[in-house]
Amino acid sequence: MVFPAEPHLEHPAPSRGRAAEQRCLALLRRVSSLSSLLQTLTFLLKSGLQSNPLVLTSFAVSLVLSSPAPHLLDTFLFNTLIRSLPPPLALRSFSLLLRRRLLPNRFTFPFLLKACASLPPGPTAQAHASALKFGFAADSFVENTLIHAYSASSSDLASARKVFDRTPQTSPVTWSAMIGACVRGGRSGDALALFRRMQERGVRPDDVAVISVLSACSDLGALELARWLRRYVERSRIPKSPALCNALIDALAKCGDAGAARAVFDEMPRRTVVSYTAVIDGLAMQGRGREAVGVFEGMVRAGVAPDDVAFIGVLTACSHSGLVEEGLRWFGVMRERFGMEPRMEHYGCVVDMLGRAGQVERAERFARAMPVEANAVVWRSLAAACRVHGRPDVGERIGRRLIAEEPARDSHYVMLSNVYAATRRWEEKGRVRRLMGRRGVRKEPGCSAVEIDGEVFEFAAGGGGGSGSEAEAEVYAMVEEMMREARREGYEAVEAEVLADVEEGDGEAGALRWHSEKIAVAFALLRSPRGAAVRVAKNLRVCADCHLAIKLVAKAYAREIVLRDRSRFHCFKDGICSCGDFW
DNA sequence: CTAGGGTTAG
């Protein structure tokens, strides 16, 4: 039985890889017993194959499987292959195991499912069926991996949940698998609900469970819970692994408590590049670009080598704070001093940096001159700059091209529609919205979360007149009142924004009367103690109309209102915003 | 040889 050749094996391996290949061959030829076969294989898979793992492992496998001593091949060996090979080869190893009429054991499926998790949905369901057939589906290791695999391979939360519901639910592993599944599927609110239930059931969260809940906090801006988790970690003496600290830093910073994030950072015995990056990103979100740059410099001084992600952090920090020349300098440093080749994300940061600062032409020139072809994200960020800086001509050109290239992407239509709205070209704007409707493309709904007494409430845009509950009516009445107060402070609707939202072909009630952040703020004003700061997290970027309204609401109600949107924090106080209207 | 988690441009 010869392991089928991979198409890319046809190509000669790079010379360093080729030498390794020769060594690998020589080793395998000397193999004569099962134990030495295993030893050699493990060695090859784990260490010797770094230079070109896929080619060399495929090579090793084909050699092993065409071995003149087939009796050496047992389940243990196949498990090793399934565990160590890249996912597609792991799957093939599993089918070879079956073809050889070997029986999978209880290690086989956890390994197999882990491989399935990073592949499209099909294999996960097949592996599940197979685990059922061989009687391993109720094994807790298999269940936990199944939950993970379903959610990771296809965001199939329903299947993950089905498995979860049939488990005994007594292990924190099972719960964090399900909590993680929710977060991955964009259901962080459900993740927090699960966390509550977990505690009600008396299952003690361990370090990994805490990490998975923290990522839900990051998502929803659940500051109180993030703080509670930090205290919980101290109290229950959960080991403060670097990963746990990094998750704490990330969550506290993304929830707006830069001080606490910094404190966790300072307490760490050894800070990794990830810890620094989490702090830098947090400062960037606050518009504290200078400090973010300072932290980056401190990292380099401390001898911690920046990686590509850290550079994304420092570049976005510069971009969001209008530090154009500073940012360009770091972009140069990345290559010249650290010898790193910028990726699309880095080029994207530069385009965004120039565009935000109003240098639309320079940004476009840069985007065209990039050595890699700019992707849709880059063009969209440039189009956004065109909208803000009054270059509808360029914005329109980009928008139309993006729609032609990727007709199923909602954000392209929204972008072009907004460009038209900004220049009051309602006719064209209407055409874009109708085109979107005809093609069945739906705009990602806006959603805002607010935490009251540790409980997170989520709001969608609405109020266009549906018959809701009494509580809902109360909130909408509060929005009306809030807007009256804002008007008294000088608010006037930003027409381009309001009209940008009108949905065609959605019925008359389709016009979303209030964006979710206005509703969330009203709810928080109703439910939180007088004078307390209001914190809202939104999944999209705040629009100019809400931005203006909330500034004045903060003044009228003498409240500090902290709104985190997709790109940064806005701290509204006394009628001004910490972003200085640059965002 | 078994499971869940861990920073990433707009």
(Q) I need the residues from residues 397-407 of chain A with at least one non-hydrogen atom less than 4.0 Å from DNA chain B; give them sorted by number, or say none. (A) none
Q | Pairs where residues 202-222 of chain A contributes a residue and the test salt bridge (Lys or Arg N to Asp or Glu O under 4.0 Å) is met, not counting sequence neighbours | A | none
Q.
What is the separation between atom CZ on A/F107 and atom P on B/dC1, rounded to the nearest whole Å?
A. 6 Å
Q | Residues forming a ring-ring contact (aromatic ring centres under 6.0 Å, His included) with A/F582, sequence neighbours excluded | A | none
Q: Would you mind reading off the distance between A/I147 atom CD1 and B/dT2 atom P, rounded to a whole angstrom?
A: 20 Å
**Q.** Pairing residues for A/R564 by the side chain to side chain donor-acceptor pair (under 3.5 Å) criterion, not counting sequence neighbours
**A.** none
Q: Report, as a single string ordered 5' to 3', how protein heavy atoms within less than 4.0 Å touch nucleotides 4-10 of chain B: B base, S sugar-phosphate only, - not at all.
A: BBBBBBB
Q.
Can you list, in residue-number order, the parts of residues 123-131 of chain A that come under 4.0 Å of DNA chain B, counting heavy atoms only?
A. none
**Q.** For A/R227, all residues meeting side chain to side chain donor-acceptor pair (under 3.5 Å), sequence neighbours excluded
**A.** A/E224, A/D257
(Q) Strictly by salt bridge (Lys or Arg N to Asp or Glu O under 4.0 Å), give each pair with a member in residues 126-147 of chain A just once, sequence neighbours left out. (A) none
**Q.** Note: A/R442-A/D410 ion pair, threshold 4.0 Å (strictly below)
**A.** no
Q | Residues that A/F296 engages under ring-ring contact (aromatic ring centres under 6.0 Å, His included), provided they are two or more places apart | A | A/F311, A/W330
(Q) Tell me every residue that passes ring-ring contact (aromatic ring centres under 6.0 Å, His included) with A/F111, counting only those two or more places apart in sequence or in another chain. (A) none
Q. NA contact type, A/N105, heavy-atom cut-off 4.0 Å: base, sugar-phosphate, or nothing?
A. base
Q | Pairs meeting criterion salt bridge (Lys or Arg N to Asp or Glu O under 4.0 Å) with involvement of residues 166-180 of chain A, two or more places apart | A | none
Q.
Please enumerate all residues that pass ring-ring contact (aromatic ring centres under 6.0 Å, His included) together with A/H547, with sequence neighbours excluded.
A. A/H570, A/F572, A/W583
